[in-house]
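Let me begin by presenting the structure, written as structure tokens, before commenting on it.
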2 protein chains.
Amino acid sequence: MSKASVSKPGARLRERGPAPVFAALGDRTRLRLLARLSDGQARSISALSSDTSLTRQAVTKHLHVLEEAGLVSSLRIGRESRFTYQPEPIAEARSYLDEVSAQWDDALARLRALVEDD
Amino acid sequence: MSKASVSKPGARLRERGPAPVFAALGDRTRLRLLARLSDGQARSISALSSDTSLTRQAVTKHLHVLEEAGLVSSLRIGRESRFTYQPEPIAEARSYLDEVSAQWDDALARLRALVEDD
DNA sequence: TTTTTACGCAACCAAACGGTTGCTAGTTGG
DNA sequence: CCAACTAGCAACCGTTTGGTTGCGTAAAAA
């Protein structure tokens, strides 16, 4: 048969700020894994390890880092554990960068307003 | 008088992908520094160290990490070196996240199209 | 001119990271 | 039942990271 045990339900240790998410994104390998998973398809560890030069264990560690940051979730099905992309943290990271950009744009606008003070 | 020596002109070691930028953003302290600088005002190291519990040296290191990622630039003026926010890498990071989100959205749309195949 | 002020550099340290190897154990297909 | 597949766990290793302290020095203020 096929027993299925959940490992990460959903929103767990959120709101420690966006830094952990950025940290998880700060690695080439992790970015590639996330890019492959961002098509919504759940994939097993060995499937994700197949096209890499790294060891399965290395990939496993990276996947757990992504999971810890909430960027993916894992579900054990039978003998394999499948990882699924989770969009929320990316959305949060995006809006954080938007805020920073917005503050910068505002500052620029104010500066221009001062210069063009005719 | 006031001798001024440049330390980071502009686009230097760009295009190693977005990972280094995310890595630089993956730290609370660095995010705070960047947030303070994102108003466009150039600030000295001691000014940026004043409202922190960290050592000036620690702040200095963080600033250099940000500089290495292109997120800030530094200019030595007299006895102090001022750091300035640089918007380009943030813009790049933003558009990268946009791409990931877009791929996810597309996948979702295709899925819905399959389900609602009346 | 003396004294602050603001930095830079170097050494050092514990902890985290990225990665590997070896071994064990549950699943599944033949 | 047995062999092959998939994964988890633990130990180990070199390097990076985040932080400190101490010291030397250029620039500005008194």
Side-chain angles (χ1 to χ4, degrees), chain A residues 1-8 13 16-17 19-34 37 42-69 71-84, chain B residues 1-8 16-17 19-34 37 41-69 71-84:
Chain A
M1 58 152 64
S2 51
K3 197 82 177 307
S5 68
V6 193
S7 96
K8 292 288 171 176
L13 38 134
R16 288 168 308 189
V21 176
F22 286 130
L25 295 175
D27 181 283
R28 279 189 134 71
T29 305
R30 244 126 57 192
L31 280 186
R32 284 188 42 200
L33 289 173
L34 203 65
L37 288 174
R43 287 175 181 81
S44 72
I45 295 184
S46 58
L48 290 167
S49 307
S50 60
D51 70 335
T52 322
S53 59
L54 298 171
T55 315
R56 170 182 61 89
Q57 290 301 336
V59 174
T60 301
K61 284 195 181 179
H62 282 300
L63 285 172
H64 284 129
V65 172
L66 289 174
E67 189 174 33
E68 207 62 21
L71 289 160
V72 300
S73 64
S74 73
L75 179 61
R76 185 97 194 240
I77 298 178
R79 66 175 157 184
E80 58 188 15
S81 73
R82 295 217 175 79
F83 285 78
T84 314
Chain B
M1 59 149 63
S2 51
K3 196 82 176 307
S5 68
V6 193
S7 97
K8 293 287 171 176
R16 287 168 309 188
V21 176
F22 286 129
L25 295 175
D27 182 283
R28 280 188 133 71
T29 307
R30 244 124 58 190
L31 280 187
R32 284 187 43 200
L33 288 172
L34 202 65
L37 287 174
Q41 275 268 330
R43 286 175 181 82
S44 72
I45 295 183
S46 58
L48 290 167
S49 306
S50 60
D51 68 337
T52 321
S53 60
L54 298 171
T55 315
R56 170 184 59 92
Q57 289 300 335
V59 174
T60 302
K61 285 195 180 179
H62 282 300
L63 286 171
H64 284 129
V65 172
L66 290 173
E67 189 174 33
E68 205 64 21
L71 289 161
V72 301
S73 65
S74 72
L75 180 60
R76 185 98 195 237
I77 298 177
R79 66 174 159 184
E80 59 187 14
S81 74
R82 294 217 175 79
F83 285 79
T84 315

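Below, read A as the first sequence line, B as the second, and so on, with proteins coming before strands; counting in each chain starts at 1.
Annotation: the span from A/I45 atom CD1 to A/Q57 atom CD amounts to 8.0 Å, rounded to 0.5 Å.
A heavy-atom distance below 4.5 Å is not found between the side chains of B/L71 and B/L37. Taking 4.5 Å as the limit, every side-chain heavy atom of B/T52 sits out of range of all side-chain heavy atoms of B/L33. Put simply, the side chain of A/H64 does not reach to within 4.5 Å of the side chain of A/K61, judged on heavy atoms. In this structure, B/T60 and B/R56 have side chains that are in contact, with non-hydrogen atoms separated by less than 4.5 Å. Taking 4.5 Å as the limit, every side-chain heavy atom of A/L25 sits out of range of all side-chain heavy atoms of B/L25.
Considering every non-hydrogen atom in both B/A69 and B/A24, the closest pair reads CB-CB, 3.6 Å. Nearest heavy atom pair, residue B/S74 against residue B/F83, reads CB-CE2, 3.4 Å.
Distance CG (B/L63) to C1' (D/dG19): 14 Å, rounded to an integer number of Å. Rounded to whole Å, the distance from CD on A/E68 to P on C/dG18 is 14 Å. Atom P of nucleotide D/dG8 and atom CD1 of A/I77 are separated by 13 Å, given to the nearest angstrom.
Between D/dG19 and B/T55, no contact under 4.0 Å exists linking OP1 or OP2 to a side-chain N or O. Neither OP1 nor OP2 of C/dC17 sits under 4.0 Å from any side-chain N or O of A/H62.
Residue contacts shown for A/R28 are absent, as no nucleic acid heavy atom lies under 4.0 Å away.
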Per-nucleotide protein contact string for nucleotides 7-15 of chain C (B base, S sugar-phosphate only, - none; heavy atom under 4.0 Å): BBB------
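The rotation axes computed at either terminus of the helix from C/dT1-D/dA30 to C/dG30-D/dC1 lie 30° apart, taking five pairs at each end and rounding to 10 degrees.
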